[in-house]
Each structure stands twice: as structure tokens, then as C-alpha cells.
Asks: 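Structure below; questions to follow.
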Amino acid sequence: MPELPEVETIVRQLRNYAIGRRIDKAELLRESMLKRSTLPFDDFFRNCSFAKIDRRGKYIIFSLDNGSRLLAHLGMTGKFVVSENENTADKHLCSRYIFDDGGCLDHIDIRRFGRLETYRENESIPVLERLGIEPLSDDFDASSLKAVISTRNGKTVRTRAIHTLLMDQRLIAGVGNIYASEALFRAGIRPVRKASRVKKKELPLLAESLKKVMEESLEEGGTTVSDYRRVDDKPGNFKEFLRVYGRAGEPCRKCGTEIKRIRLNGRSAFFCPECQR
DNA sequence: CTCCGATCCTGATGGC
DNA sequence: TGCCATCAGGATCGGA
């Protein structure tokens, strides 16, 4: 499942591969993936090329040279893969962008939990406006984490589990199951602990942990658990560095205690009962 | 505010 | 060998 480091890896590769190449044809093979209907899909890409590719949270924003934008979310199993020609098509091909030099960019999503949206120049993108702070930005530190964690309006106490809160895209953008679990392990905090019970003294380490684990993963091209692939169709290498995620029943790398898996609001969380309190 | 369940979807897995 | 049922889960939405 692509989270921030995976999406950032994809975006960086996409910039190298797709920017400036003229799009001959765009095809939408899974029509239900396009959530906002405007023009026919191929008309949207007529006579243009990708000018800019950006990431916000887990979203990819493709800006065309005519000012229009394509918004993509990869859901659980989505990927963008480059290929030399258009002769072969994956069974789960959702959309495809064929360049005038014969190469093409394939958008594949087995479970189709992802989505595409198209926007004209100057149109606002509502889903992006609802996103919280970028954890890899300079703005993200102990004090901004405190602002997110403790209260929203100065009165309400946050009773949700810290793990649940870290994954709330309205608060922090781009954190999913893997990095929430990994950051909490590094910070020595149990995923079930109520956000309001995270002490002020723990905040610098938690903020730093989240930042570091995502930066380290980015260095390795992200984490491949099952479906995630980079644009060159290679897996990310960070899985072997994970300390708790997906390691239920295995010994903690720090103390040897068995790693536990629990369910929190329908999501899996992994932790070491000894190292995290 | 917070949680819960349903929705979208396919592949892997386990039982019989 | 094969046919169900179950499960996983990112985001959204309606309801409690």
C-alpha cells in the first residue's frame, strides 16, 4: 500500500520519465476509476504533455502544459509503470498514456481502490484542501505535532488512539499503517494509547521518529509488502528494515519479546509490548 | 468528536 | 481438484 515514501518515490521517477513527453493518446479502461466526470478522458489529454508532477499526502498531481491537472490516488494496489511499447496490456490496466515516441505509462490497480480526478486550470481540488500537515516539511516538528494531537479548538480533548490519529489524513498527510506503527515503535509509545496521554516530553521523539522512518524508507525506494512497485516495476527495499509492521509473532529486534498485532478501528497495528508503553 | 458499519474490489488462504 | 466463505484495507459517508 503506497504511503508517503512510496508515493514520493513514484513521483520522483515519474518526473524523470514523463515530463515533457507529448501524449499521443490517453485511454481510460476502468471508467469507474474516474470520480469526477468532465470531458471524455482522451479529450482531456488532447495535444498536451505532462509539465509538472507533484505529491500531496498520498495523492499525485499531474499538471499538463495547458494548465489542467490529473489527480491520482493509488489506494491499496495501484501503480504507475513505464513500458517501451503498447503491445502488452496488464489485466488490471486502468488508464494508459501513450507518448508520441512509442513509449507509454500504464496505470494498473488490481483492487481498484484508487481514484482519478480531472481538474481544469484554476479549479480548486477539494480533497487536497482537507489534508493536514506534510510530515517531511520543515513545518512539522514537536510543536506542530502537539497542535495536531492535543486539541483542535482549545477545548476538546483527543480521546482517540494515537495510532488512529497519526493516520488521519486531515491532521497529518501521507501516514498509513506501516509508518504509524514504525514511528510509534521508535518513540516507545503503544498504538492504543490515547492521544491526550502522549506526554509533552515524548513529542520531539515521536515527530522525529515519523520523519526519520519516512526519510529512511524513501532512501530505499519505499516498502514493498505485496503490491507496491516503483515506476520501473521494481519493489522498494525498506521491508527488511521494518521493526514491527508485519512482524506479529516474531521477536522484537531490540528486546526479543514477541511482536503483537491488534486491530484499531478496523486497521492493524503492530507493537512490542516491552518496548512500547 | 468519535466510532461503527457499509461501500468499492480482487487475490490469497483455509475448510470441506 | 474445486468451490465457497473469509479477510485485508484507504478513503468516504451516513448514522448512532
Side-chain angles (χ1 to χ4, degrees), chain A residues 1-8 10 28-37 55-61 71-80 89-95 106-117 125-132 134-135 147-183 191-198 214 217 222-229 235 239 242 244-249 260-270:
Chain A
M1 58 193 124
E3 302 182 25
L4 191 154
E6 289 75 34
V7 178
E8 181 65 26
I10 289 167
L28 181 66
L29 295 99
R30 301 285 188 173
E31 291 184 14
S32 63
M33 298 283 289
L34 186 62
K35 301 299 181 182
R36 290 171 80 260
S37 51
R55 179 194 59 76
R56 177 79 171 92
K58 301 177 194 171
Y59 289 89
I60 302 172
I61 306 127
L71 182 77
H73 192 292
L74 296 174
M76 300 288 303
T77 56
K79 60 179 182 175
F80 279 101
D90 188 282
K91 180 182 170 190
H92 301 293
L93 188 61
C94 295
S95 66
D106 285 352
H107 166 215
I108 296 161
D109 190 340
I110 296 174
R111 290 191 195 168
R112 285 182 256 162
F113 272 23
R115 58 163 52 215
L116 294 172
E117 297 180 8
I125 305 181
V127 73
L128 294 187
E129 288 175 3
R130 290 196 292 265
L131 292 177
E134 280 289 326
V148 153
I149 275 183
S150 55
T151 66
R152 171 170 276 188
N153 56 21
K155 277 190 243 173
T156 314
V157 177
R158 292 217 176 270
T159 57
R160 300 155 83 189
I162 182 68
H163 183 272
T164 305
L165 194 141
L166 290 179
M167 295 204 309
D168 189 332
Q169 303 302 303
R170 295 169 302 182
L171 304 177
I172 305 171
V175 184
N177 251 350
I178 298 173
Y179 300 103
S181 282
E182 292 296 310
V192 288
R193 186 149 22 127
K194 294 203 186 312
S196 58
R197 297 290 187 155
V198 174
M214 289 190 151
S217 177
T223 305
T224 294
V225 174
S226 55
D227 297 286
Y228 162 70
R229 291 292 184 283
K239 186 174 192 285
L242 297 178
V244 288
Y245 183 84
R247 300 193 63 248
K260 292 270 180 271
R261 173 192 168 162
I262 52 166
R263 290 192 68 75
L264 266 177
N265 299 320
R267 315 259 172 254
S268 300
F270 297 85

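Below, read A as the first sequence line, B as the second, and so on, with proteins coming before strands; counting in each chain starts at 1.
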Asks: Would you mind reading off the distance between A/L166 atom CG and B/dT2 atom P, rounded to a whole angstrom?
Replies: 14 Å
Asks: If you measure only the distance, is there a donor-acceptor pair under 3.5 Å linking the side chains of A/R261 and A/S268?
Replies: yes
Asks: Is the backbone N or O of A/G176 less than 3.5 Å from a side-chain atom of A/E3, with the two atoms forming a donor-acceptor pair by type?
Replies: yes
Asks: What's the CZ-P distance between A/R263 and B/dC3, to the nearest Å?
Replies: 15 Å
Asks: Under a 3.5 Å distance rule, please check whether A/T77 uses its side chain to pair with a backbone N or O of A/D227 as donor and acceptor.
Replies: no
Asks: Quick check against the 3.5 Å criterion: does A/E134 have a side-chain atom that pairs as donor or acceptor with the backbone of A/A173?
Replies: no
Asks: Checking salt bridge (charged side-chain N to carboxylate O under 4.0 Å, His left out) between A/D168 and each of A/R160, A/R267, A/R130, which is the one that passes?
Replies: A/R160
Asks: Indicate the ring-plane relationship of A/H73 and A/Y59, choosing parallel, tilted or perpendicular according to the 30° and 60° boundaries.
Replies: perpendicular
Asks: Taking only N/O atoms, report every protein-nucleotides 10-14 of chain C pair under 3.5 Å with atom names and distance.
Replies:
residue: C/dG10; atom: O3'; partner: A/K58; partner atom: NZ; Å: 3.4
residue: C/dA11; atom: OP1; partner: A/H73; partner atom: NE2; Å: 3.1
residue: C/dA11; atom: OP2; partner: A/K58; partner atom: NZ; Å: 3.2
residue: C/dA11; atom: OP2; partner: A/Q169; partner atom: NE2; Å: 3.4
residue: C/dA11; atom: N7; partner: A/R267; partner atom: NH2; Å: 3.3

Asks: Check whether A/Q169 reaches the backbone of A/M167 with its side chain - one donor and one acceptor, N or O, closer than 3.5 Å.
Replies: yes
Asks: Return the value, rounded to whole Å, for the distance between atom CD1 of A/I178 and atom C1' of C/dA8.
Replies: 13 Å
Asks: If you compare all heavy atoms of A/L4 against all heavy atoms of A/M214, which two are closest, and at what distance to 0.1 Å?
Replies: CB-CE, 3.9 Å
Asks: Give every pair of a protein N or O atom and an N or O atom of nucleotides 10-13 of chain B that lie under 3.5 Å apart, one pair per line with the distance.
Replies:
residue: B/dT10; atom: OP1; partner: A/R112; partner atom: NH2; Å: 2.2
residue: B/dT10; atom: O2; partner: A/R111; partner atom: NE; Å: 3.1
residue: B/dG11; atom: OP1; partner: A/K91; partner atom: NZ; Å: 3.4
residue: B/dG11; atom: OP1; partner: A/H92; partner atom: NE2; Å: 2.8

Asks: Measure CD1/A/I262 against P/C/dG9 and give the value in whole Å, please.
Replies: 12 Å
Asks: Using whole Å, what does the distance between atom C1' of nucleotide B/dC3 and atom CZ of A/R160 come to?
Replies: 9 Å
Asks: What's the closest nucleotide to the A/N265 side chain, out of B/dC9, B/dC4, C/dG9?
Replies: B/dC4
Asks: For A/R112, is there any backbone N or O sitting under 3.5 Å from a side-chain donor or acceptor partner on A/R115?
Replies: no
Asks: Quick one: A/I108 CD1 to B/dC9 P, roughly how many Å, whole number?
Replies: 18 Å
Asks: Report which part of the nucleic acid A/S268 touches: base, sugar-phosphate, or nothing (heavy-atom distance under 4.0 Å, all strands).
Replies: sugar-phosphate
